[in-house]
Peer 1: 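Got a structure here, written out as structure tokens. Questions coming.
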Amino acid sequence: MTAAHDPGYAGDSNVGRVRADNEDAFLLAPPLFAVADGLGGHQAGEIASALAIDTLLEAAPRAADLKALGRAVRQANTAVIEAAATGRGKPGMGTTLTAVMLEGTRLAVAHVGDSRAYLLHLGKLEQLTDDHSLVADLVRQGRITSEESRTHPNRSVITRALGSDMDMMADTFEAQAAPGDRLLLATDGLTSMVPDDEIAHVLATSPTPDAAVDELIDRALDAGGQDNVTVVVVDIERHGGRTPKSRGAARSLWARVLWLVAALAVVGTAAWAARSYAASRAYLIDEGGYVAVYEGVPGTFAGLTLHERSDVTTIPVSALDPITAARLGQGIQVDGLGDATALVETYRLRAAETSAAPTP
Ligand code: MG
């Protein structure tokens, strides 16, 4: 890719030289980036990692809000557990998830498992995340060195993943980068094959994120490609908080309502009517196959959105009757969040009945 077309971020995944399936997944949705490494074998691991990434994308906040990002990861955990319970994938499937949301040079990070986030700052590589793995525990206890951990027979045993425990807690933290830094997200198929100093060298010398991703994957394959390898590289300050999407999203519902009020001040009463109308409304809508709840009214008014996502539930639209499913495609408007919540509960019961019914 030439510099002229360099968007400032890139990602790729490779099955490697040994495995038959690629159970890794990744997400490039600036300002949100993530990698996931599925566990559980054929037709399980890849479902778990894809579901985690999809749910993260649907549930993620629009700005680098750490608590909301943590909630989105918990929602991804619930989605993996519920999928296994309802016959999608297999029992025992799971996935790592390392997600970073950027806002300028500030990073909100949520992390579970042994995939990693690193920051290259002034040529030096800093690992941002702590592995949730047996060997990382042994290193922390001083029982083995980090060099020994790379070849330890139990190096792939992870101590925390999405998909097993409803009460699973992700590590969530903020980090501060500097303009010109490079962010790396990678699954263990990179970090177990390529030493950190070599990763640092590639990141520091590649002209673009795209070139860095290709080179890192090539090196993992050259080193044996024992596992699926997934790499995401992002140049800081060219992404995060600077895209039109996140700039708009940083404005709250109330800021937008107030802006609308100001713009329409000449017709005062109409503005107040619009504001109070939007504030008193809510709606349910199909978002990526799940029932989502929004505060406000759907669509746009005078080019402004007057709604804000409240929640994406774990209720699959496909579990509801076809008429309700079709209406959810357009959005079902109700009088406020209280009514929306009540409607969600009836859908939840209906969905549970559908999944409990014997399949013909
Ligand atoms: Mg792996």
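Here, residue 1 is the first one in the sequence, and each next residue gets the next number. Atoms within each ligand, like the ligands themselves, are counted from 1 in listed order.
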Peer 1: Which residues satisfy the side chain to side chain donor-acceptor pair (under 3.5 Å) test with E82, sequence neighbours excluded?
Peer 2: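 Scan of E82 (side chain to side chain donor-acceptor pair (under 3.5 Å), adjacent residues dropped) gives T314.
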Peer 1: Using the test salt bridge (Lys or Arg N to Asp or Glu O under 4.0 Å), find all partners of E148 that sit at least two apart in sequence or belong to another chain.
Peer 2: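 For E148 there are no salt bridge (Lys or Arg N to Asp or Glu O under 4.0 Å) partners, ignoring immediate neighbours.
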Peer 1: State whether D137 and R140 are salt-bridged, where the test is any N-O pair (Lys NZ or Arg NE/NH1/NH2 against Asp/Glu carboxylate O) under 4.0 Å.
Peer 2: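 Judged by the 4.0 Å cut-off on N to carboxylate O distance, D137 and R140 do form a salt bridge.
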Peer 1: Around the Mg ion (ligand 1), how many protein N, O or S atoms are there at under 2.8 Å?
Peer 2: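 N, O or S atoms of the protein closer than 2.8 Å: 3.
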Peer 1: Please identify each residue that fulfils side-chain contact (heavy atoms from CB on, under 4.5 Å) with D65, with sequence neighbours left out.
Peer 2: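 Expected list: P61, K67, A68.
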Peer 1: Please confirm whether the backbone N or O of A64 pairs with a side-chain atom of E103, one donor and one acceptor, at under 3.5 Å?
Peer 2: yes
Peer 1: Just to verify, which of R19, R155, R17 counts as forming a salt bridge (charged side-chain N to carboxylate O under 4.0 Å, His left out) with D227?
Peer 2: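 Among R19, R155, R17, the one that satisfies the salt bridge (charged side-chain N to carboxylate O under 4.0 Å, His left out) with D227 is R19.
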